[in-house]
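Sequence positions, counted from 1, serve as the residue numbers for this chain.
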Amino acid sequence: MTSRDAQPPAGKPPTGRPPLPPPAGQPLLMAFDLDGTLITEQGREPDAATARALARLRAVGVKLAIITGRDLAPDAVLEAMQPDAVATNNGGRIVVNGELHSEARFTPADLEAVLAHELSGARIVLFTADRLFVDLPRGTEPEPWMIARNSGPLSEAPAGDILKAGFYHPEVAGFAGRLRQSHPHLVVTGAQAPYLSFLTITPQGAHKGAALTLIAEALAIPHDRAVAFGDSDNDEAMLEVAGYAVQVGQLPLLTRHAHTRLNRQTDLGAYLGDWADRLEQE
């Protein structure tokens, strides 16, 4: 796909914002969600075309950032991208130029409310900056990634250090709705397509839109020069505040926030390659 193909057809924009050409010239910040955007869902590295395009963009001075719901970015992604900033836990923990910039933690009261759920048999994971703590249904074995991360029991989780909570259960949507009513300041994502049985909760202000704003400020990039790429509901805030928003995939929730859309994650490498072509010519 070329950048021209990525633009909405005349008279029939598939996006909610007015279709605009991509920003030209520098300075420029590009911020990417991981799963379903920069890499395939649960992938470990970008494809070859995307990796080549990222290297070219970095070489001409584009600032690159990862803003992900994961608590760690895969090493292969970091090696290929060499990002200037990484925001994990849906933006709750931000590292800029290798230094911790900010970190949002639950208050003990908010964490108590999050754990006061009614999801019998739920799989629960609490995340700190360097460890995770799990509660698994009886008879369920820890997954390999939990073992690799030296996970501990939920009862040992340090209440003042929790950055993110994840719930896996078929009825997370009801719990999400109740929590939004009782604690509207918390950030609740998931519990809808494509993550119908997965719910993520982060502390007040810990969302991808805030992360993009903080990263742009830290890197001295004007707000209107920040470009965001995302595919799912936790990317909504990031696409909304970006100077230029690129939706990857076709989730209806994101369409109204996007200036342009790539229908498939596999289109990203060619799209970024076209962008690198323009910047190199300039």
Side-chain angles (χ1 to χ4, degrees), residues 33-44 66-74 87-93 104-106 110-159 161-184 186-204 206-208 230-237 249 251 253-254 265:
D33 165 59
L34 284 183
D35 294 280
T37 300
L38 187 67
I39 57 179
T40 57
E41 196 71 34
Q42 298 302 310
R44 305 300 301 173
I66 293 169
I67 304 181
T68 178
R70 297 194 191 195
D71 68 309
L72 290 176
T88 52
N89 296 314
N90 279 343
R93 190 173 197 270
R105 303 180 182 186
F106 286 106
D110 282 344
L111 181 61
E112 182 179 359
V114 167
L115 294 177
H117 62 92
E118 301 171 6
L119 302 175
S120 177
R123 180 164 58 118
I124 306 170
V125 184
L126 300 181
F127 297 81
T128 67
D130 52 14
R131 199 178 178 199
L132 53 88
F133 300 85
V134 301
D135 186 21
L136 300 176
R138 186 183 299 273
T140 302
E141 294 295 324
E143 297 184 23
W145 66 274
M146 297 178 180
I147 297 173
R149 296 288 304 281
N150 188 29
S151 62
L154 202 72
S155 59
E156 295 181 3
D161 294 331
I162 303 303
L163 310 178
K164 182 179 69 173
F167 287 79
Y168 302 78
H169 192 276
E171 299 174 7
V172 288
F175 176 48
R178 293 191 297 274
L179 198 60
R180 288 189 180 102
Q181 289 291 323
S182 63
H183 290 71
L186 296 179
V187 181
V188 180
T189 57
Q192 58 184 302
Y195 304 115
L196 297 176
S197 298
F198 177 56
L199 175 68
T200 297
I201 307 163
T202 48
Q204 183 173 8
H207 56 78
K208 291 189 177 185
D231 77 304
S232 58
D233 74 291
N234 66 346
D235 300 313
E236 185 177 14
L251 185 68
L253 175 68
L254 297 186
Q265 187 277 328

**OP:** List for me each residue that meets ring-ring contact (aromatic ring centres under 6.0 Å, His included) alongside Y168, sequence neighbours excluded, and say none if there are none.
**Re:** F198
Original post:
Got a sec, which residues hit salt bridge (charged side-chain N to carboxylate O under 4.0 Å, His left out) with R105, two or more places apart in sequence or on another chain?
Top reply: E103, D161
**OP:** State, yes or no, whether a side-chain contact exists between V134 and P153 at a heavy-atom distance under 4.5 Å.
**Re:** no
Original post:
Less than 4.5 Å apart, any side-chain heavy atom of H169 and any of I124?
Top reply: no
Output side-chain donor-acceptor pairs under 3.5 Å for residues 112-122, partner residues at least two apart or in another chain, one line each.
{"unit_1": "H117", "atom_1": "ND1", "unit_2": "L119", "atom_2": "N", "d": "3.0"}

Identify the two heavy atoms, one from [X] and one from [Y], that lie closest to each other, and give their separation to 0.1 Å.
| X | Y | result |
| --- | --- | --- |
| P203 | L163 | CD-O, 3.2 Å |
| L186 | Q204 | CD2-N, 4.2 Å |
| A206 | G92 | CB-CA, 3.7 Å |

**OP:** Run the salt-bridge test on D135 and R123 with the 4.0 Å N-O cut-off and return the result as yes or no.
**Re:** no
Original post:
Can D33 and K208 be counted as an ion pair, charged N to O under 4.0 angstrom?
Top reply: yes
Original post:
Under 3.5 Å, side chain of K164 to main-chain N/O of T88, donor-acceptor pair present?
Top reply: no
Original post:
Judged by atom type as modelled, is there a donor-acceptor pair below 3.5 Å linking the side chain of T37 to the main-chain atoms of L34?
Top reply: no
Original post:
Once you round to the nearest 0.5 Å, how far does OG of S151 lie from CH2 of W145?
Top reply: 8.0 Å
